[in-house]
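Whatever order the structure lists ligands and atoms in, that order sets their numbers, starting from 1. Values in this document were obtained by computation on a predicted structure and should not be read as measured data.
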Amino acid sequence: MKRIVVGISGASGMLYAARFLRAVPADYEVHLIVSSVAQKILQVELGWDVKKQPFAQFWETFSEEPYLGAAIVVHPAENHFAPVASGSFITKGMVIIPCSAKTLSGVASGYAANLMERTADVHLKERRPLILVLRETPYSLIHIENMKKATLAGATILPASPGFYHQPQSVNDLVDFVAARVMDHLNIEHQLSKRWGENDG
Ligand SMILES: Cc1cc2nc3c(=O)[nH]c(=O)nc-3n(C[C@H](O)[C@H](O)[C@H](O)COP(=O)(O)O)c2cc1C
């Protein structure tokens with residue numbers, strides 16, 4: 001089974017999470033952890049109630065694109081007994097998208113206060129990919145030092161900072177640019193965004 005863990009923490013930019021989740025191929029199993037603040041921001045930014053609606057059902061009302069993606073298992077962020085909390089539960093990697101400065105700080109210090117931080121800690125100790133899609137601006141020195149610490153411990157800081165060289169025509173194009181980079185770092189094949197040097201034919 002190809003499994004990944006997706007954390008959604010309480011930063012702005014929930015569309016990054018939704019477009020990433022929608023693009024994970026159907027032969028993957030996604031273990032999803034949503035912090036309590038993130039649950040509220042998901043409501044505000046997308047109108048998704050994680051507790052009441054499975055992702056596939058939300059997506060069908062949110063977007064005209066069909067949902068053909070992965071099975072998604074949701075774990076409450078307070079549940080330290082979930083399988084993902086253990087290194088013996090094998091995954092291909094983890095992404096926190098979007099990642100708040102607070103969750104970055106928890107990851108950088110190894111302060112596994114909730115299931116998301118614990119699972120990130122497990123990915124670092126097991127030397128598995130851990131991608132942090134940080135969303136904050138501007139950065140304080142504390143943020144920069146935490147990014148350095150997390151990077152030295154093995155995480156990849158992949159800011160929610162899209163490029164423009166693929167000539168985006170919509171917000172979705174911009175968001176998919178970042179989702180595509182996350183897919184690349186988790187070694188997931190995708191067609192989300194054209195690569196530099198690829199011709200149109
Ligand atoms: C609407 C809203 C937007 C926020 N956006 C951000 C953000 O973009 N980046 C960030 O670091 N914190 C942001 N915050 C603050 C975090 O939600 C707050 O620090 C929280 O403690 C994060 O907890 P969590 O990482 O456990 O979800 C936002 C808060 C709210 C209410």
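Scanning the protein for heavy atoms near atom 8 (O) of ligand 1, the closest one is R135 NH2, 2.9 Å. For atom 5 (N) of ligand 1, the nearest non-hydrogen atom of the protein is S12 N, 3.2 Å. Closest to atom 27 (O) of ligand 1 among all protein heavy atoms lies S35 OG, 2.5 Å. Residue, atom and distance of the protein heavy atom nearest to atom 20 (C) of ligand 1 are V37 CG2, 4.0 Å. Remark: minimum distance from atom 22 (C) of ligand 1 to any protein heavy atom is reached at S100 OG, 3.8 Å. Looking at atom 19 (O) of ligand 1, its nearest protein heavy atom turns out to be K102 CB, 3.9 Å. Protein heavy atom in closest approach to atom 10 (C) of ligand 1: E136 OE2, 3.3 Å.
For atom 6 (C) of ligand 1, the candidate residues are G7, C99, A11; the nearest heavy-atom contact is made by A11.
A donor atom on one side chain and an acceptor atom on the other are found under 3.5 Å apart for H123 and T91.
Less than 4.0 angstrom separates some heavy atom of A101 from each of these atoms of ligand 1: 10 (C), 11 (O). Against a heavy-atom cut-off of under 4.0 Å, T103 is close to the following atoms of ligand 1: 24 (P), 25 (O), 26 (O). Annotation for ligand 1: atoms under 4.0 Å from non-hydrogen atoms of G10 are 4 (C), 6 (C), 12 (N), 13 (C), 14 (N), 15 (C), 16 (C), 17 (O), 24 (P), 25 (O), 27 (O), 28 (C).
Checking side-chain atoms of E126 against main-chain N and O of V122 turns up no donor-acceptor pair under 3.5 Å. Of the possible polar contacts, none joining the R22 side chain to the F55 backbone as a donor-acceptor pair under 3.5 Å is found.
Geometrically, ligand 1 and N114 share no nitrogen or oxygen pair separated by less than 3.5 Å.
The distance from atom OG1 of T137 to atom NE2 of H143, rounded to the nearest 0.5 Å, is 10.5 Å. To the nearest 0.5 Å, the span separating CE on M14 from CD1 on I41 amounts to 5.0 Å.
Ring to ring, Y165 and F177 are close: their centroids are under 6.0 angstrom apart.
Heavy atoms of I41 found under 4.0 angstrom from ligand 1 belong exclusively to the side chain. Residue-level proximity to ligand 1 for S9 is carried by backbone and side chain together, each with a heavy atom below 4.0 angstrom.
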Could you walk me through whether E29 and K92 pass the salt bridge (charged side-chain N to carboxylate O under 4.0 Å, His left out) test, one step at a time?
CA-CA 10 Å; E29 185 179 88; K92 300 276 183 203; over 6 Å; no
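In this structure, F58 and W48 have parallel ring planes: the angle between them is below the 30° cut-off, well short of the 60° mark.
With sequence neighbours excluded, the residues forming a side-chain contact (heavy atoms from CB on, under 4.5 Å) with S86 are S88, listed by chain and number.
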